[in-house]
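Worksheet for the structure shown next.
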Number of protein chains: 2
Amino acid sequence: MSVPNKDPEHLDRLRDYYAENRRIPPFQRIAELLGFASKAASSKLLERLESAGFVERTADDNAWMPTRRFFERPLAANFIRAGAADPIEASGAEPFLVDDYVVRTPSRTMMVPVRGDSMVDAGIHDGDMAVVERGTGAKPGDFVVAIVDNELTLKELIRERGRFVLKPHNPAYPVIRPKGELEIFGVMVGLVRRYAS
Amino acid sequence: MSVPNKDPEHLDRLRDYYAENRRIPPFQRIAELLGFASKAASSKLLERLESAGFVERTADDNAWMPTRRFFERPLAANFIRAGAADPIEASGAEPFLVDDYVVRTPSRTMMVPVRGDSMVDAGIHDGDMAVVERGTGAKPGDFVVAIVDNELTLKELIRERGRFVLKPHNPAYPVIRPKGELEIFGVMVGLVRRYAS
DNA sequence: TTGACAGGTGAACGGATGATCACTATTGTA
DNA sequence: TACAATAGTGATCATCCGTTCACCTGTCAA
């Protein structure tokens, strides 16, 4: 009979720790948390978790940091009914910081409320919050917040005959072809929506 | 004339660093980032930021960690053009914490990755993150995460001839009419999407 | 039965880390 | 102008940290 890999269990402990302390614990502490007698075991564990894509090293100083996958739980994929036990209990306390998820460069990121339905076909609705990054170069195909007639407008940036134009994602709206130079406020990097309870 | 406190600026740099490396940098690195010649300046900066409520120490080992306030973002609402002034000047700068916006009852809230396109017509795309609240009574018209064939499915809850059924928002998918009792995992209260840069 | 492999041990090492302290520079105010 | 408060300097020190290496111990497949 094969020995079950305990790494998922270890990962859960690390997630709990991260939820409280917002950091990957030092090796010594990992060893204490998981019952290792040696720091080296912690080192090897993290290397395994790195291969699995749950942690990675910081570009800055080679310290360990969690990846996006670290915060996720593939619920739909792994969901299995197990008798009377609530299978979801185990996944109740996932640390997931939404801000971390959508905000990359905090100092240049702002929230912009979306008005109107000119982007509905792209799944962007009236009342949504656009996460907008300022000062980032916009490429064709990006959703951008542009300044048109002294107002902020969210559209797709398109290159048309050598010029930049703003394309709505709703056939009821016309493409905007700015007369002068197109003023880009920022690039849309995320979306946040709230459903009324 | 008063000298502007540079701490907000420093805080922004720390936020950017945190977004990339998911940690408060060590003192040496803070000094390099902010142009300090001495680590001690970094130490004192963090103590100031602690008083202001932006960082705190971990219960576990006294390391620095960010607080919720650390992650708050400015909100660009009521955009008004004001001459040559940077438009961001004119925008309302109320701090905005995405988690607070989208998460009401943290202990009962989970993130569920959305797979498939059965809800595209409701502006919910493959790869989006659904913010799901457990233990809340679901009403017809709510988007709910239900358990169907041991898998989590996101659909609209509809009452049909006295029974609850699950309605996709995509004509290519059929309405799900569960044979036994419908098992509701939770109610969708929010949506978070990230655009690839 | 054997051998490869994955996971864990224990110890040693060099370097980075945070704390502390006396001192300095700058600036607003009394 | 004088002074106090705030922000930053430079250096020391003990400690903690991650790395590395040889070695150990099960398990599984050949």
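In what follows, every chain begins at residue 1, and chains take the letters A, B, ... in the order their sequences are listed.
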Does [X] qualify as a cation-pi partner of [Y], given the criterion of NZ or CZ under 6.0 Å from the six-membered ring centre and within 45 degrees of its axis?
X	Y	value
Arg15(A)	Phe71(A)	no
Arg134(A)	Phe185(A)	yes
Arg29(B)	Tyr17(B)	no

* Structure fact -> So side-chain hydrogen bond (donor to acceptor under 3.5 Å, both in side chains) across residues 33-47 of chain A, not counting sequence neighbours, yields none
* Using a heavy-atom distance cut-off of less than 4.0 Å, which residues of residues 47-55 of chain B contact DNA chain D? -> Arg48(B)
* Considering only dG8(C), dT20(D), dT9(D), which nucleotide approaches the side chain of Ala40(A) most closely? -> dT20(D)
* To do: For the pair Arg104(A) and Glu20(B), find out whether any cationic side-chain nitrogen is under 4.0 Å from an anionic carboxylate oxygen.
  => no
* To do: Linking directly or through intermediates, with side-chain heavy atoms under 4.5 Å: list the remaining ILVMFWY members grouped with Val165(A), chain and number order.
  => Ile158(A), Val175(A)
* Asked: Members other than Val187(A) in its cluster, when Ile, Leu, Val, Met, Phe, Trp, Tyr link by side-chain heavy atoms under 4.5 Å?
  -> Val144(A), Val148(A), Leu157(A), Phe164(A), Leu166(A), Ile176(A), Leu182(A), Ile184(A)
Distances under 3.5 Å between nitrogen or oxygen atoms of protein and nucleotides 16-18 of chain D:
residue, atom, partner, partner atom, Å
dG18(D), OP2, Phe27(A), N, 2.9
dG18(D), N7, Lys39(A), NZ, 2.8
dG18(D), O6, Lys39(A), NZ, 2.8

Figure out the [atom1]/[atom2] separation between [X] and [N], and round it to whole Å.
X	N	atom1	atom2	result
Leu34(A)	dT9(C)	CG	C1'	15 Å
Leu45(B)	dT6(D)	CG	C1'	13 Å
Leu46(B)	dG8(D)	CG	C1'	14 Å
Asp60(A)	dA16(C)	CG	P	13 Å

* Base of dG8(D) paired with side chain of Lys44(B) (donor-acceptor, under 3.5 Å) -> yes
* To do: Could you check whether Ala37(A) gets within reach of a base, just the sugar-phosphate, or nothing at all, counting any heavy atom under 4.0 Å?
  => sugar-phosphate
* Which residues satisfy the ring pair (Phe, Tyr, Trp, His ring centres under 6.0 Å) test with Phe54(B), sequence neighbours excluded? -> none
